[in-house]
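A quick write-up on the structure given underneath.
All of these numbers come straight from a predicted model, not from anything done at the bench. Basis for what follows: all heavy atoms, side chains included, without hydrogens, waters or symmetry-related copies.
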Amino acid sequence: MKSEKELAFLHDLYVAPDWGERFAELVDAHIKLPKEGRALYVSAGSGGHAMALHERAGEKLEFLGVDESDELLELARAKAAAVKEKIAFQREENSSLSFPDDRFDLVLGNASMTQANELPGMFGEMARVARPGATVACWLPTASSFGEFFSIFWEALVNADLQDHGGDVEHLITGLPAVSDVERLAEDAGLGNIESWTTIEEFDFESGEKFLNAPLITDFLMPGWLSSVPEAARARVMQELAHIIDEERHSGKFTLTMKATVVVGKKTRVQ
């Protein structure tokens, strides 16, 4: 098991520049930044995207980045200090923000690593702290993502004599929210004029070993995918996964597909 500090460094080095950039490009293409006021970035991680947005917006838009990880916040503050970026970072729980109602002119939420059952609380808090008329945006993987993995995962479980866990694969598939589900969450949180955009993103891996050793997979996605598999059987399942990937790719690349979605709305009511 890696420490939280090790995971923070891995996230900053391997996840933010690739996984994070896919979402950042989608957000940058569709979110209009206010010229002044206060902006909140929820789940800002190591701060790279928040700082880029702040630089683009200018000093009249005061930016605050929050995250649940002290280790990621430490990296974010160090980055901001190194480039003398006037942006603050502080620790907050995504579903229990400490700010008063109706405070921010823009609220952004990175839910790309957030569990589906945590989305309503996160969306609700983001809407609560936004001012009436403020833009609220949240981004995440949506339904039909990771289908290539889920297909071989079921096969690997069968090959490892764990067919009783086949239903867990179905749970993973249905656990990813449809775009309409996320739009409904935004509406329930009090947002109007809701729009969404989705891009199909591909992650290529040269072999089963490369896939299973990639930090994005082994340290951030795989723990959730394997959570229902008995710990003693996980190494066997991983071996089966590598074998199936190498057998099916026929010297080609194994591609993992993700549907990256951003949902945007305007707060319509005072809290």
Any side-chain heavy atom of [X] sitting closer than 4.5 Å to one from [Y]?
{"X": "Lys79", "Y": "Val83", "value": "no"}
{"X": "Lys266", "Y": "Leu191", "value": "no"}
{"X": "Ser95", "Y": "Glu118", "value": "no"}
{"X": "Leu162", "Y": "Val229", "value": "yes"}
{"X": "Ile244", "Y": "Asn159", "value": "yes"}

Problem - Parallel, tilted or perpendicular: rings of Phe149 and Phe153 (30°, 60°) - result: parallel
Exercise for the section: Return the orientation label for the Phe205 and Phe254 ring planes: parallel under 30°, perpendicular over 60°, tilted otherwise. Expected result: tilted
Practice task
Please determine which of Phe89, Phe99, Tyr41 meets the side-chain contact (heavy atoms from CB on, under 4.5 Å) test together with Leu64.
Solution key: Phe99
So, are [X] and [Y] salt-bridged, with charged N and O less than 4.0 Å apart?
{"X": "Glu125", "Y": "Arg128", "result": "yes"}
{"X": "Arg131", "Y": "Asp102", "result": "no"}
{"X": "Glu201", "Y": "Arg22", "result": "yes"}
{"X": "Asp105", "Y": "Arg38", "result": "no"}

Are the side chain of [X] and the backbone N or O of [Y] linked by a donor-acceptor pair below 3.5 Å?
{"X": "Arg91", "Y": "Val66", "result": "no"}
{"X": "Ser151", "Y": "Glu148", "result": "no"}
{"X": "Glu92", "Y": "Ser98", "result": "yes"}
{"X": "Glu68", "Y": "Asn94", "result": "yes"}
{"X": "Asp181", "Y": "Pro177", "result": "no"}

Handout entry: Set of residues satisfying side chain to side chain contact (heavy atoms under 4.5 Å, CB included) with respect to Tyr14, sequence neighbours excluded
Key = Leu10, Pro215
Fill in the blank from the handout: Closest non-hydrogen atoms of Asp168 and Ser228, given as atom of the first, atom of the second and distance, are OD2-OG, 2.8 Å
Practice task
For Gln163 and Val158, work out which heavy atoms get closest and say how close.
Solution key: OE1-O, 3.7 Å
